[in-house]
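Before any comments, here is the structure.
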Amino acid sequence: MDVRQVAKLAHLEITDEEVAIYTPQMKNIVAYVEQLNELDTSNVEPMLGGLTPEGETTNAIREDIPHQSLGQEKALSQAPSAVAGHFQVPKVL
Amino acid sequence: MKEGWEVIIGMEIHAQLATETKIFCGCATSFGHDPNTNTCPVCLGLPGALPVLNEKVVELGAKAALALGLEVQETSIFSRKNYFYPDLPKGYQISQYDKPFSANGILTIMTAERDEHGRAKEFKPMQIRIERMHLEEDAGKNVHEGLPDVDKFSYIDLNRAGTPLGEIVTKADFRSSWQAYDYVNHVRRALQWVGASDADMEKGNLRCEANVSVRKIGETGFRNKVELKNLNSVRFMQKAIEYEIERQIEAHESGEGVNQETRLWDEKNNKTRVMRSKEDAHDYRYFPEPDLQPLVVSSEFIAKIKSEMPELPDAMRDRFMQEYGLSFADASQLVLEKDLAAFYETTAKASGNPRVSANFILSELIRELNNAGKTATESPLSAENLAELIKTLDAGKINNNQAKEVLVEMFNSGKTADAVIKEKGFEQISDTSAIEKIVDEIIANNENQVTAYRGGNEKLFGFFVGQVMKASQGKANPKVVNEILKSKL
């Protein structure tokens, strides 16, 4: 388990001390989940998506009809920084 | 290309599906609104917001897939593609990965190499394997210009975030830049033809990327490939590939080698430049999107879509050749646009002369349309009126040059053929008694020539025709004139 790589992919900065703490913790988590591999699931269809309380698959699809959007002001209202109708973020290219 | 080398190209095309609303929310997809106005909790990626699939995406996706020879899969799965970028508010893109919407396509395109002037040599059919077309959402737009402190900040407009896309991925089947060029044009027309996408590269609703590598002829493995982006027109794409072929061959031969990287086409300087190297290649950690059901498409649905599909361009081209006796080149040109093909067929049927219809449309009408910047549907000269003109020509009432002149006037004024012919005084005299009268006069006034002709100087026949035409101010129907002269002389 490369904790540094996981942290990098998650855009987290972690110290060497934290790597030392998290590495065994994450190993334990993975080992716990790996118990599932003991079951033979070769004949079981993977279940994807949700089920209704009755256990039936749901079919959520909608018509192509526009709804009322939030609009610029509301959309930007929670942004840490908004300028001229845009979200402002550190320089990317 | 340098002797001994070959190029290997695979294409990826992102086509925006022509829906009213986004793929997972009801925000409008329309273009040109103030930034961030067409947004909601779903496309802003706010916590707790849930995506719901737009049924129109399934319909248009199916049409696109069928038009490209792909098989629509009974079950497909949406997956999360995880990466961080400011234009992607959720931190993942909802896409499809191991179970795409459609797969296993075989597409036959017509392709030709071009000479140094860009003129096509012989078009030949070529089969392209399309690996898949999957459905996904577009990201937002990054703005780097025209706003304060752009050296320190970037700006984000999420109007485009969540726009439905079909991503069409081919196998690495192309061996020249013109093959790739002809392929993209084929796809663009196919998508427009079935109404799946506007497929307009200038507006960004069709974007293409080319994966390019070169190798020595005879090699079986692949060398490092370069992904080309920022290809804003099909022509730029073709140029970028050509540039890249030369650059890569040179880099291999000099021993410098080619890096696996993404490069952008720089249209100002006519070259490609590095965007990012694949060394920090993304690890997207795809996993099934738990907020969406598997997408199940029934065979009944596919049958319904198939029944609604228009005749596709290649089938129409072949039919035009068979039914109307057109050449491959003419038929191909007529099916370049659906509207033009429909215009042709109406004209051909109404005039009863499919070949002349094709000639007039391909030479005269297209020129006028181009000059006026109009499409076939916007033509002021209707197919029905053009058919009337062709009938008038076939009846011998006007000659070919006059017909062309009349066509231009009909196009400019929107008037009928009859009206323009009258205005121009082009109406030919086919009335035999009127022509007989003229012929009689000519014979009476040219005794010497008549005697010479009857004595065996047959060349003089042309003289008589000329005299009759002159006397009728060019309006006499030449066919009728010939007949009458022959009988009277």
Side-chain angles (χ1 to χ4, degrees), chain A residues 1-14 26 29-30 33 36 41 44-93, chain B residues 19-21 25-30 33-41 43-44 46 50-59 77-78 82-87 89 91 140 142-144 146-158 282-283 285 288-296:
Chain A
M1 169 64 54
D2 185 353
V3 172
R4 281 181 207 280
Q5 177 63 12
V6 174
K8 190 182 160 200
L9 287 169
H11 276 209
L12 295 173
E13 287 174 17
I14 55 173
M26 289 182 69
I29 294 167
V30 172
V33 177
L36 289 171
T41 57
V44 182
E45 283 281 306
M47 196 205 76
L48 297 154
L51 298 175
T52 63
E54 290 76 37
E56 290 158 7
T57 54
T58 56
N59 181 25
I61 198 155
R62 61 176 183 82
E63 285 184 78
D64 186 30
I65 296 169
H67 69 187
Q68 183 69 44
S69 291
L70 283 183
Q72 193 185 72
E73 196 181 325
K74 265 194 183 164
L76 297 171
S77 61
Q78 296 180 68
S81 181
V83 174
H86 292 80
F87 294 94
Q88 189 190 45
V89 298
K91 183 82 186 157
V92 288
L93 205 60
Chain B
T19 57
E20 296 288 316
T21 66
C25 66
C27 289
T29 51
S30 46
H33 292 266
D34 285 342
N36 295 302
T37 48
N38 296 332
T39 55
C40 76
C43 56
L44 289 169
L46 300 186
L50 291 172
V52 184
L53 182 62
N54 180 348
E55 64 179 5
K56 191 83 180 174
V57 169
V58 183
E59 180 197 321
I77 301 219
F78 288 100
N82 299 281
Y83 65 95
F84 288 114
Y85 210 67
D87 60 14
N142 299 302
V143 183
H144 306 292
L147 286 160
D149 300 319
V150 285
D151 52 327
K152 281 187 280 196
F153 299 105
S154 291
Y155 296 86
I156 312 297
D157 173 6
L158 295 176
H282 286 116
D283 175 359
R285 293 152 293 146
E289 165 59 90
D291 291 342
L292 286 166
Q293 291 290 327
L295 172 54
V296 178

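Values in this document were obtained by computation on a predicted structure and should not be read as measured data. Within every chain, numbering begins at 1; the chains are lettered A, B, ... in the order of the sequence lines, protein sequences first and strands thereafter.
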* Could you look at A:Leu76 and say if it's the side chain, the backbone, both or neither that has a heavy atom under 4.5 Å from chain B? => side chain
Leading residue by heavy atom contact count with chain A [cutoff under 4.5 Å; candidates [options]]:
| options | result |
| --- | --- |
| B:Leu46, B:Asn82, B:Val150 | B:Val150 |
| B:Lys152, B:Lys56, B:Glu55 | B:Glu55 |
| B:Thr37, B:Thr39, B:Asn54 | B:Asn54 |
| B:Pro86, B:Ser30, B:Ala28 | B:Pro86 |
| B:Ile156, B:Ile77, B:Val296 | B:Ile156 |

* **Residue B:Val57 versus chain A: region with a heavy atom under 4.5 Å** => neither
* To do: Go through the atoms of B:Pro51 and report whether side chain, backbone, both or neither lie under 4.5 Å from a heavy atom of chain A.
  => neither
Find out whether [X] and [Y] are in side-chain contact, i.e. whether some heavy atom of one side chain is under 4.5 Å from a heavy atom of the other.
| X | Y | result |
| --- | --- | --- |
| B:Phe153 | A:Val83 | no |
| B:Leu44 | B:Pro89 | no |
| B:Thr21 | A:Arg62 | yes |

* Asked: Which atom pair, heavy atoms only, marks the closest approach of A:Ala75 to A:Phe87?
  ->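 Closest heavy-atom pair between A:Ala75 and A:Phe87: O-CZ, 3.6 Å.
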* Structure fact -> Scanning both residues in full, the closest heavy-atom pair of A:Leu9 with B:Phe84 reads O-CE1, 3.1 Å
* **Selection from A:Gln5, A:Glu63, A:Glu73, A:Gln88 maximising heavy-atom pairs under 4.5 Å formed with chain B** =>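 Counting heavy-atom pairs under 4.5 Å, the top option is A:Gln88.
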* Fit a plane to each ring of A:His86 and B:Tyr155, take the angle between them on a 0 to 90° scale, and name the class: parallel (under 30°), tilted (30 to 60°) or perpendicular (over 60°). =>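 The arrangement is perpendicular - the two ring planes meet at more than 60°.
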* Working for side-chain contact (heavy atoms from CB on, under 4.5 Å), residues B:Ser154 and B:Asn142 -> CA-CA 7 Å; B:Ser154 291; B:Asn142 299 302; 5.5 Å; no
